[in-house]
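Data first, discussion second: the structure below is written as structure tokens.
None of these values were measured; they are calculated from a predicted model.
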Amino acid sequence: MNTKITSNVYRIENQYFYGEKVGVYVINLKDKLLLFDIPTFSEEVKKFILKFEKPVMAVLSHGPTGISDGTKWQKEVDLKVYLYEADINNSWLKMKPDILYNQPPLLDPTIEIILTPGHTPGSISLYDSISKSMLTGDTIAGKNNDEVKDFFKEDGLGNLKERFANSQKLLVYDFENILPFHYDMILGKAKQKLVNFTN
């Protein structure tokens with residue numbers, strides 16, 4: 001049900017967004033648990049999250065990823081949900097976030113929220129320095145685990161020029177993995193693969 005990706009990052013399996021399989025991630029931090037996007041509620045996933053015995057927060061990569069039982073999680077585990085305010089009027093958002101931000105908050109010394117609008121006005125990516133992973137929501141995804149999926153040709157969603165420019169912005173970080181919401185993860189040498197895509 002849950003796959004350990006790195007020493008501190010798990011992917012919650014069997015997650016679907018309108019029938020399409022997606023990635024929801026759990027980052028185990030020193031004094032808290034961080035969800036990147038919100039899983040479908042189940043007692044099994046709840047048990048997995050609560051076993052860490054830490055406060056739980058969720059950061060939405062963009063508005064639509066808050067539709068998966070977000071309100072139920074807020075009640076069941078006192079989940080605090082963060083959303084970049086540019087997506088508060090996203091028509092797909094079906095829950096009320098606890099914290100709206102204009103400037104990325106500091107959630108933990110090892111975590112950085114990076115504003116990457118393009119797919120939606122409120123899209124973000126999240127960098128985890130412990131695992132050297134870039135969690136990208138729908139900004140960037142992999143294809144067959146060995147290249148970056150070409151969003152210009154293959155999905156064309158959002159403001160493509162802005163999305164591309166913000167993809168390039170991620171290259172200042174030292175990362176090995178790309179963990180997206182849709183499509184494939186890129187595990188290993190992900191930064192070089194993004195360099196290849198942006199050149």
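Y84 places no side-chain N or O within donor-acceptor distance of the main-chain N or O of P117, the cut-off being under 3.5 Å. Listed for the T116 side chain is a donor-acceptor partner under 3.5 Å among the backbone atoms of S125. Side-chain N or O atoms of N177 include none that pairs as donor or acceptor with a backbone N or O of L187 at under 3.5 Å. Counting only distance, with no hydrogens or angles, the side chain of K132 and the backbone of G188 share no donor-acceptor pair below 3.5 Å. For the pair D184 (side chain) and N144 (backbone), a donor-acceptor distance under 3.5 Å is present. Using modelled atom types, no side-chain atom of T6 and backbone atom of S131 make a donor-acceptor pair closer than 3.5 Å. Distance alone, capped at 3.5 Å, places no donor-acceptor pair between the Q15 side chain and the E20 backbone. Formation of a donor-acceptor pair under 3.5 Å by the W92 side chain with backbone atoms of G63 is not found in this model.
Both I114 and F197 are assigned to one and the same hydrophobic cluster, defined by single-linkage of ILVMFWY side chains at heavy-atom distances under 4.5 Å.
Looking at S61 and L126, their side chains never come closer than 4.5 Å, going by heavy atoms from C-beta outward. Side-chain contact check for M185 versus I5: some heavy-atom pair is nearer than 4.5 Å. Side-chain contact between L93 and L60: present, with at least one pair of heavy atoms (C-beta onward) separated by less than 4.5 Å. No side-chain heavy atom of L194 sits under 4.5 Å from any side-chain heavy atom of K191.
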Using the side chain to side chain contact (heavy atoms under 4.5 Å, CB included) rule, take D138 and L157 through it: C-alpha gap first, then chi angles, then the decisive distance, then the call. CA-CA 9 Å; D138 280 353; L157 297 175; over 6 Å; no

If you apply the rule side chain to side chain contact (heavy atoms under 4.5 Å, CB included), what do you find for I38 with M95, and how did you get there? CA-CA 11 Å; I38 298 178; M95 61 173 294; 3.7 Å; yes

Is there a side chain to side chain contact (heavy atoms under 4.5 Å, CB included) between I113 and Y82? Walk through the geometry before answering. CA-CA 11 Å; I113 292 175; Y82 290 72; 5.7 Å; no

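Between Y127 and Y173, the ring planes lie tilted relative to each other; the angle falls in the 30° to 60° range.
Residues N166 and L115 come closest through the heavy atom pair OD1-O, 3.9 Å. Minimum heavy-atom separation, P180 to G142: CG-N, 4.4 Å. Considering all non-hydrogen atoms of both residues, N90 and P64 come closest at ND2-CD, 3.4 Å. For V24 against D37, the heavy-atom pair with the smallest separation is CG1-O, 3.4 Å. The minimum heavy-atom distance linking M134 with F175 is given by the pair CE-CD2, 3.8 Å.
Between M57 atom CE and L29 atom CG the span is 8.0 Å, to the nearest 0.5 Å. For the atom pair NZ (K54) and CG (L34), the distance works out to 11.5 Å, reported to the nearest 0.5 Å. For the atom pair CG (D128) and CD1 (I27), the distance works out to 4.5 Å, reported to the nearest 0.5 Å. Expressed to the nearest 0.5 Å, how far CZ of F36 lies from CD1 of I124 amounts to 4.5 Å. Note that OH of Y183 and CG of D155 are 5.5 Å apart. Values are rounded to the nearest 0.5 Å.
A salt bridge links E76 and K46; the closest N-O separation between the charged side-chain nitrogens and carboxylate oxygens is under 4.0 Å. Remark: K32 engages D108 in a salt bridge, criterion side-chain N to carboxylate O under 4.0 Å. The existence of a salt bridge linking R11 and E13 is confirmed by a sub-4.0 Å separation between a basic side-chain nitrogen and an acidic carboxylate oxygen. Salt bridge annotation for K193-D146: absent, with no cationic side-chain nitrogen under 4.0 angstrom from a carboxylate oxygen.
Of the N and O atoms on the side chains of T120 and S123, at least one donor lies less than 3.5 Å from an acceptor on the other residue.
Residue-environment remark: NZ (K143) stays at or below the threshold of 12 foreign heavy atoms within 6.0 Å.
In this structure, Y10 has its ring center closer than 6.0 angstrom to the ring center of F52.
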